[in-house]
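Just below is one structure, and these are the notes that go with it.
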Amino acid sequence: MSETTAVTNEPVEVWITGIGLATSLGEGLDANWEALNSGQMNVDEQGFAPYIVHPWAKVNLEAQIPKKEQRQMEAWQRIGTYAAGLALDSAGLKGNKDILSRMDMIVAAGGGERDISVDTAILNAEAQGNCTPGFLNDRLMSDLRPTLFLAQLSNLLAGNIAISHGVCGTSRTFMGEEVAGVDAFKIALARIAGGQSDIALVGGSHNGERKDLLVLYEFGDYNLKNEFKPVWARKDHPGFALGSAGAFLVLESKPHAEARGAKPLARLSKVVADRARRKEAGAVTGTLDRLWSALDVQEAPGAIITGATGAEPVTSEERAFLDHHKSFAVRSSGTRFGHSMEAQFALGLALAALSISRGALFAPGDSSGIETDMKEAPTQIVVVGAGHYRGEGMALVEAVK
């Protein structure tokens, strides 16, 4: 807790004052907004065939990460550290050592990248019968870099953000696919609203261009294969196309933002989460209905931005939930950006805040009829995150009156 914040029983209004987006559609708010409204798509059907991915749009990394610091980062860390820098720029905080020194950070990240060459050498040796007793331990001890323990530690992203951008308050990392992002924002919101924090950098990153992840998700038959289709058109051939993306937001108490003259892009009002018993038919639909009730959404001009994966049966159950709220315009981030796992919820929140700040909802991503035009300026957007395998979350983002 900073010296200027006192714990109070009255919840503090929490503003979104900065957004950082580095995705398959480009870097920054303008590039992503223009790509969304022009129907741009960045899909690779050949590089990892038969699997489909949304590759990261390459950037000049030195614009946000000093070259000497890039050497110790793999792609997922570069993506996240870059997006975090964009969020700080957006909030007008870059280089503000006073605020950055006490700024909290909550990151959602999966298991870091593996050393594919080491994994391949071990598997080939095993297949060729050259795996003598003690071979595995010997290879792991001699071949892996010090930053690796089978895979890079998830909290390395937060560490690199601290090094590159000087964010030096408290730090937490949540790990565990889509719901990690929900928990990151739920905790950040609760801390600021409860007076335990003034300002926080919250978000996540994901590198979808990883052969080890594609193999992992193929074991569960989750990958979209052979041909790209929008999320809502995948029922007969379900699966997600992994996406590379970094999404970070600056969350700030209203008094703190006003004191430094910061303007809100939107307000984060509530974040709720649950976990349905997925073996029961209709359980996800019922859980999402309960989460919606907990948000206390008003029947005002509104929209729903969902991180629907395309995996089944969860996507069909989420569609049943959406059918209960047909007065709300729907957008799927998975169609345009791919599925970015831990970063997916942060991406949805970023798109919601961006839409409210621009006074419009971005264009539909397909012609399924599920996503329709919205003529009015959205005053509230519900962000939905239902994991491909487990966990559900929801958030309410509103315009600041």
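Numbers here are sequence positions counted from 1. As the structure is a prediction and not an experimental result, all values here were calculated from the model.
Screening residues 38-54 for salt bridge (charged side-chain N to carboxylate O under 4.0 Å, His left out), with sequence neighbours left out, gives no hits. Applying the side-chain hydrogen bond (donor to acceptor under 3.5 Å, both in side chains) test to pairs two or more places apart or on separate chains, those with a residue in residues 270-284 are Arg278-Glu392. Among residue pairs with one or both ends in residues 304-321, those qualifying as side-chain hydrogen bond (donor to acceptor under 3.5 Å, both in side chains) are Thr306-Glu318, Glu312-Ser316; sequence neighbours excluded.
Ser293 and Arg290 share no donor-acceptor pair across their side chains, judged by distance under 3.5 Å alone.
Ser244 places a side-chain N or O within 3.5 Å of a backbone atom of Gly208 that can act as its donor or acceptor partner. Side-chain atoms of Arg260 do not come within 3.5 Å of backbone N or O of Leu93 as any donor-acceptor pair. At distances below 3.5 Å, not a single donor-acceptor pair connects side-chain atoms of Thr23 with backbone N or O atoms of Ala245. Between the Thr170 side chain and the Asp104 main chain, no donor and acceptor come within less than 3.5 Å of each other.
The side-chain hydrogen bond (donor to acceptor under 3.5 Å, both in side chains) check on Asp366 picks up Ser368, with sequence neighbours excluded. Shown here are the salt bridge (Lys or Arg N to Asp or Glu O under 4.0 Å) partners of Asp212, two or more places apart in sequence or in another chain: Arg210.
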Steps toward ring pair (Phe, Tyr, Trp, His ring centres under 6.0 Å) verdict (His54, Phe228): CA-CA 10 Å; His54 294 248; Phe228 173 80; 5.6 Å; yes

What donor-acceptor contacts under 3.5 angstrom involve side-chain atoms of residues 380-388, with partners at least two apart or in another chain?
unit_1	atom_1	unit_2	atom_2	d
Gln380	OE1	Gln298	N	3.4
Gln380	NE2	Gln298	O	2.2
His388	ND1	Glu178	OE1	3.3
His388	ND1	Glu178	OE2	2.8

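Distance check, rounded to the nearest 0.5 Å: OG of Ser205 to CH2 of Trp56 gives 9.0 Å.
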